[in-house]
Amino acid sequence: MAAENTELPSKEQLQRLKSLQGTDKGLFKLACFSVIEGYMREKLGKQNDFAISFPKLLDMFKARYSSNTPREYMLIKDLIKNHQGTNPVRHRFANCSDEEAIGAIYLFNEFAKTYKLPNQTEIEKMSKALDIWLTRKSPVETAAELEKAIKQIKSLSEQNNDMLEKVTKLGQLQTQLDAMSSKLKALQFDYDQQITSSKKDKERIDQLRKAKNEEEQKNLKVQKELQTQLEKLSDAEDYIQNLNRMTSYTRTRYDFEQSLVHLTKEQESIVNQVKFNRDFLIKGSAGTGKSLVLLKTLEKLLAEQTGSLFEADRNKSIKLITFTHSLEKYNRYIASLMKIGEIQFAEKGNLITTSEAYISKIIKAAFPEKNLTYLMEKVEIEGLEDIRLNPLEKDIWTELDKFILPKCITKKEYCEEMIARTGMRKAQNEASRKKIWDYVEKIFEVWEKSAEWYSAFAAYKLATMDFKVPDELCVDYLFVDEAQDLTAATLRILKSSVREAVILAGDNDQSIFQPGFTWSRAGLDVSGATRILNINF
């Protein structure tokens, strides 16, 4: 029978750790550091040498296994700082905040990735809790305990004008107490050695034991006096402890945020290849970091404009659009971490917005008297709804909504050129196509007269007509995230509003989302200007 794999951290340990998650936050944080400590002790062969402190253990571990990277250096600093925050849990059975517990998960996950701990999948399951940090709420909003710490720091500062003096004195007393403890240990060791070497000299041994006891009593008396003085400075100790909690948490949160904007070599290579004299497409599946690469490309453009000698280049207008509000919020968050400010764009509106908001303004400029709706109304047309008379009824609405409108299909393309309907489930011959188009034209006639237009119909009308987008709605450079969610009609409208270039990020295989989609049909030429992200990070 094969020996059981006992490599730490084991699956059993991680399951126990996961069972604590969401229950007692203080014990969970302490347990995270215990698992890290257990792993280091196993690797160093120091399982039972508990005299070695956590910081010392980290130094020893780093000396043997370090890769000497800046990220590892910050991880070690954060581990030491955050480990201090476990003292109140160990010594006073205190609890900690949600944010501090999430910080512990982040550090544990970073340690696991840096030193390639076993059972990574189990560790990553716990790391899902990090998603809450993507909301970027402040500690006051997200953690009552940290809010309490902030209030206590403020209260203690207001009540004690001499807080700085108290903190200084606290530090001095703690240093004295540590020195006394060290001195006592050294004396005890020296006396013990003398007693051992005196062997059978009973009188000498008695003298040494008496002297040792006197020294111990004298030192203990001084230590007690120092402890009494320290107790009088408990408010200063609380002040420092709360500051430590806040600084260790914010430092960890900062490192988490910086990890979100750190490019891989592959991502950096693609950013470097993007040119702004033509349309460009960045492709990749979910998790490859398309949004980050798009933002880094935007950052690159801003840097080029800042460094330009020409005033005209510095005044180029830029927009980044996303398909959903949640993606808009995420991009704003990442942009803020990258310090891509919006002050310089204030006179032209926000730098980041949704495609819906952007395109709606253009449609409104083209059709000011029309209101938009996002539900397709199946209007009543004679003979259309009677399936016995018109077996194509369902086909007509499907053809209209899934093929003709989103892909800007004209009558000539559909009926004469017999354009391929790639991805559509049911084949349509020449006769059925002509019949379908007859009804499409009737539907268009009814829609035209309505005061409320289906948004896809409005986009189709605009994309197939000769309309010049007003200059105030145009931009020089447009960045489009998750472009696979936009139709060819929508992308045509976007392209018509851009003076210089469109930079897009989209899925590896757009046809999965939109059967028969082509970039050329969307009015974009990305041939030779497409790069693919392959690594999921």
Give a yes or no answer on whether the side chain of [X] reaches the backbone of [Y] with a donor-acceptor pair at less than 3.5 Å.
X	Y	result
Gln267	Thr264	yes
Lys18	Lys125	no
Asp466	Lys468	no
Lys300	Val274	yes
Arg492	Arg521	yes
Asp476	Glu500	no
Lys412	Glu416	no
Ser496	Ile493	yes
Glu482	Phe323	no
Lys290	Gly506	no

For the pair Ile282 and Thr297, evaluate side-chain contact (heavy atoms from CB on, under 4.5 Å) and give the outcome as yes or no after the intermediate values. CA-CA 10 Å; Ile282 301 156; Thr297 305; 4.1 Å; yes
I'd like to know if [X] pairs up with [Y] as an ion pair, taking the criterion as any Lys NZ or Arg NE/NH1/NH2 lying under 4.0 Å from an Asp or Glu carboxylate oxygen.
X	Y	result
Arg433	Glu430	no
Lys283	Asp507	no
Lys62	Glu72	no
Arg421	Glu399	yes

Closest approach of [X] and [Y], non-hydrogen atoms and distance?
X	Y	result
Ile363	Ala458	CG2-CB, 3.9 Å
Leu372	Glu452	C-CG, 4.3 Å
Arg278	Ile503	O-CD1, 4.1 Å
Arg531	Phe280	CG-CZ, 3.5 Å
Leu17	Cys32	CD1-N, 3.8 Å
Ile318	Leu351	O-CD1, 3.6 Å

Going by ring pair (Phe, Tyr, Trp, His ring centres under 6.0 Å), Phe367 matches just one of Trp453, Phe467, Phe457. Which one?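 For Phe367, the ring pair (Phe, Tyr, Trp, His ring centres under 6.0 Å) check succeeds only for Trp453.
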Going through the distances and angles, do Val480 and Ser355 end up as a side-chain contact (heavy atoms from CB on, under 4.5 Å)? CA-CA 8 Å; Val480 182; Ser355 54; over 6 Å; no
Which label fits Trp437 and Tyr414: parallel for a plane angle under 30°, tilted from 30 to 60°, or perpendicular past 60°?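 Answer is tilted, since the angle falls between 30° and 60°.
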Distance-only donor-acceptor check, side chains [X] and [Y], under 3.5 Å:
X	Y	result
Ser269	Gln273	yes
Thr487	Thr490	yes
Thr322	Asp481	no
Ser360	Glu356	no

Distance (rounded to the nearest 0.5 Å) between [X] [atom1] and [Y] [atom2]:
X	Y	atom1	atom2	value
Phe403	Cys408	CZ	SG	11.0 Å
Leu117	Ile36	CG	CD1	8.5 Å
Phe276	Glu304	CZ	CD	5.0 Å
Ile270	Asn534	CD1	CG	7.5 Å
Glu100	Ile105	CD	CD1	12.5 Å
Thr114	Glu110	OG1	CD	5.5 Å

Both conditions, 6.0 Å and 45 degrees, for the charged tip of Lys442 above the ring of Tyr439: are they met here?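 So Lys442 does make the cation-pi contact.
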Other residues, nucleotides, ligands: >12 heavy atoms within 6.0 Å of Lys370 NZ: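 Counting neighbours around NZ of Lys370, more than 12 heavy atoms of other residues, nucleotides or ligands fall under 6.0 Å, so yes.
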Looking at Lys364, I'd like to know if its NZ atom is crowded, meaning that more than 12 non-hydrogen atoms belonging to other residues, nucleotides or ligands lie closer than 6.0 Å.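 Enclosed: over 12 neighbouring heavy atoms sit under 6.0 Å from NZ of Lys364.
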Worked check of salt bridge (Lys or Arg N to Asp or Glu O under 4.0 Å) between Asp525 and Lys495: CA-CA 10 Å; Asp525 179 12; Lys495 178 61 179 176; over 6 Å; no
Kindly indicate whether the side chain of [X], heavy atoms from C-beta on, has any atom under 4.5 Å from the side chain of [Y].
X	Y	result
Val440	Ile404	yes
Leu295	Leu320	yes
Leu494	Leu486	yes
Lys29	Thr86	yes
Phe479	Lys319	no
Gln120	Glu124	yes
Trp397	Ile443	yes
Ile123	Lys113	no

Under the side-chain contact (heavy atoms from CB on, under 4.5 Å) rule, what do Val35 and Phe33 come out as? Steps first, then yes or no, please. CA-CA 5 Å; Val35 175; Phe33 282 94; over 6 Å; no
Does the pair Ser66 and Tyr73 meet the rule for a side-chain hydrogen bond (donor to acceptor under 3.5 Å, both in side chains), with working shown? CA-CA 9 Å; Ser66 174; Tyr73 172 76; over 6 Å; no
Below 6.0 angstrom between ring centroids: does that apply to Tyr454 and Tyr460?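 No - the distance between ring centres of Tyr454 and Tyr460 does not fall below the 6.0 Å cut-off.
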Kindly determine whether Arg499 and Asp471 satisfy side-chain contact (heavy atoms from CB on, under 4.5 Å), including the steps that lead there. CA-CA 10 Å; Arg499 302 185 189 96; Asp471 193 59; 2.9 Å; yes
